[in-house]
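The next block holds one structure in the form of structure tokens; read it before the comments.
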Amino acid sequence: MTALGDPIDIDDRTVLVLGRELDLAHDQPDVCNALAHRTGDTLVLVDTGVTTAFRAALRTAADRVGPWSRALVLTTHGHPDHVGNNDLGDDLGVPVEHYVPARDLDQMRDPESYWVRSFERIAWAAPLPAPALAAKVVSLFEPMRPFAATTRTYEERPLELIRIGSLRFTGWTFADGAVRVLRSQGHCAGHVIVHLRDCGVLHLSDEGNGACGAMYDADQVKIQTVLGSVARLFEEEEAAILTDGHTFALRRGAEAVSHLDGLLEQATALQAAALGLTGGNGGIRPSAFTSRYAQAVADGGVGGANPNPMFTAMMALNELGELGLRPEPGEDADTPWSRPALS
């Protein structure tokens, strides 16, 4: 069993600090895994989680990988479980740079509106009206300090073409190329992944959450593309250790490739199941589709981070959209979805 804040030593300069799962029934917020890494004299923190207990654990991990005389804090995306302690850099007592994705700024400033938009889509599956539910969920993530004195967006830096093995990415490099931030934008609009060159860690953050993204701004094609690209990096031995935001483990080499291939296989199986459940053309209410889709998820042994009925409903809507179905006219969230006429 693991506990919030437990450290996993990757090497003498790199520690994975473990988060915990979401438990809405007991008002427990989820907390992402975070990384503390040292390259030269620079401390690199990848995400900061949330809660004061996790803040203390991450600070201890930072000391564990020392000594360092400057710091770089990298936010993979703007969801509350990843950004609550972003002002930790202000307390380190050294020069600090902190970067966040520009496309996630709105949700970081106003997380309730972001979650209202997500929950409005599944009003028939949610236990409370969307505004009340969003307020309740966001209130779990306290204290919430997503910005620090030095916060800037990645996009304020010139975009770079980054070559790793046979692959090409766009993103940004730091610490003389030892830290590579690669744009992925699948799990949500601004998402990035991080490659720590010297220790061989590839941190997927929440791109590895499961076979299908749940958020309204998720992009299924980008999720699948990044999973395939990262698998290639491991096959070419350009990466050695896979970490992510919510799986409390390290995966090395062939095990990482197998895990990534498994996610892609689940994605194709779920979309095939979804197509069968719609009868091809749709005309199906989301509530009815979701109950059948949830069974397909269970039958397929599809896991993912923080599984619960609301996230399954959110995934189901994204599957309908991937099949080319769209809501028919109407203000009811449970209005039928069907395939638009082609003539």
Side-chain angles (χ1 to χ4, degrees), residues 10 14 16 32-35 37 39 42 44-47 72-79 82 97-105 152-211 213 215 217-247 250-254 256-264 267:
I10 295 174
T14 314
L16 180 69
C32 74
N33 300 327
L35 283 163
H37 170 70
T39 177
T42 300
V44 183
L45 298 178
V46 181
D47 288 334
L72 175 66
V73 181
L74 303 174
T75 294
T76 63
H77 63 291
H79 289 165
H82 291 254
E97 294 180 82
H98 174 222
Y99 292 93
V100 302
R103 294 186 67 187
D104 285 358
L105 282 178
R152 298 170 57 196
T153 63
Y154 294 109
E155 288 77 5
E156 292 176 54
R157 297 170 60 99
L159 188 65
E160 302 172 49
L161 171 62
I162 301 172
R163 299 173 184 264
I164 309 176
S166 66
L167 298 181
R168 291 156 177 79
F169 300 88
T170 56
W172 302 271
T173 60
F174 301 87
D176 296 324
V179 179
R180 297 151 165 170
V181 174
L182 313 174
R183 296 200 300 173
S184 56
Q185 300 179 333
H187 176 68
C188 65
H191 201 291
V192 300
I193 63 175
V194 178
H195 184 227
L196 303 176
R197 183 192 62 197
D198 296 341
C199 62
V201 167
L202 193 297
H203 188 66
L204 267 182
S205 192
D206 286 8
E207 299 293 19
N209 270 11
M215 308 311 298
D217 57 343
D219 187 313
Q220 310 308 323
V221 172
K222 290 179 179 178
I223 292 172
Q224 293 162 24
T225 298
V226 74
L227 294 177
S229 296
V230 170
R232 174 63 68 84
L233 292 181
F234 279 87
E235 290 173 333
E236 296 183 355
E237 299 184 349
E238 296 289 346
I241 300 170
L242 182 69
T243 59
D244 62 39
H246 295 279
T247 297
L250 307 180
R251 294 183 174 89
R252 301 176 186 271
V257 174
S258 177
H259 174 70
L260 295 164
D261 282 347
L263 290 174
L264 289 170

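Scored by the side-chain contact (heavy atoms from CB on, under 4.5 Å) test, Q220 finds C212, A218, I223, Q224, N318, E322 as partners (sequence neighbours excluded). Residues satisfying the side chain to side chain donor-acceptor pair (under 3.5 Å) criterion with T153, sequence neighbours excluded, are E156. Here N33 pairs with nothing under the side chain to side chain donor-acceptor pair (under 3.5 Å) rule; sequence neighbours left out. Evaluation of the side-chain contact (heavy atoms from CB on, under 4.5 Å) rule for A239 yields H195, L202, L233, F234 as partners, not counting sequence neighbours. Scanning for side chain to side chain donor-acceptor pair (under 3.5 Å) contacts around T173 gives E160, with sequence neighbours left out. Checked against side chain to side chain donor-acceptor pair (under 3.5 Å), S229 has no partners two or more places apart in sequence or in another chain. Listed by chain and number, the residues in a side-chain contact (heavy atoms from CB on, under 4.5 Å) with R197 are A178, R180 (sequence neighbours excluded). Listed by chain and residue number, S166, L167, E235, E236 satisfy the side-chain contact (heavy atoms from CB on, under 4.5 Å) test with R232 (two or more places apart in sequence, or in another chain). With sequence neighbours excluded, no residue forms a ring pair (Phe, Tyr, Trp, His ring centres under 6.0 Å) with H37. For F174, the ring pair (Phe, Tyr, Trp, His ring centres under 6.0 Å) partners are Y99, not counting sequence neighbours.
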Before giving the answer on side chain to side chain contact (heavy atoms under 4.5 Å, CB included), spell out for L204 and T76 the whole-Å C-alpha distance, their side-chain angles and the decisive distance to 0.1 Å.
-> CA-CA 9 Å; L204 267 182; T76 63; over 6 Å; no
Does the side chain to side chain contact (heavy atoms under 4.5 Å, CB included) test come out yes or no for V44 and L35, once each step is laid out?
-> CA-CA 8 Å; V44 183; L35 283 163; over 6 Å; no
Stepwise side chain to side chain contact (heavy atoms under 4.5 Å, CB included) test for D244 and R251 = CA-CA 10 Å; D244 62 39; R251 294 183 174 89; 3.9 Å; yes
Worked check of side chain to side chain contact (heavy atoms under 4.5 Å, CB included) between D104 and C188 = CA-CA 8 Å; D104 285 358; C188 65; 3.5 Å; yes
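A175 and V179 get closest at one heavy-atom pair: CB-CG2, 4.3 Å. Of all the heavy atoms in D261 and A231, the pair that sits closest is OD1-CB, 4.5 Å. Taking every heavy atom of both residues into account, S184 and E207 meet most closely at OG-OE2, 2.6 Å. The nearest pair of heavy atoms linking D47 to S205 is OD2-OG, 3.6 Å. Taking all atoms of both residues into account, the shortest heavy-atom contact from L196 to V194 is CD2-CG1, 3.9 Å.
Rounded to the nearest 0.5 angstrom, D217 CG and H191 NE2 are separated by 11.0 Å. Note that the CD1 atom of I193 and the CG atom of L182 stand 5.0 Å from one another [nearest 0.5 Å]. With rounding to the nearest 0.5 angstrom, the CG atom of L264 is 5.0 Å from the CG atom of L227.
Within the structure, salt bridge (Lys or Arg N to Asp or Glu O under 4.0 Å) contacts touching residues 220-231 (residues at least two apart or in different chains) do not occur.
With Y154 contributing its side chain and T75 its backbone, the two residues share a donor-acceptor pair below 3.5 Å. No donor-acceptor pair under 3.5 Å is formed between the side chain of E238 and the backbone N or O of I164. No donor-acceptor pair under 3.5 Å is formed between the side chain of E97 and the backbone N or O of L72.
With hydrogens and angles left out, the side-chain atoms of D206 and H77 include a donor and acceptor closer than 3.5 Å.
Aromatic rings of H246 and H82 (six-membered ring for Trp) have centroids within the 6.0 Å cut-off, being under it.
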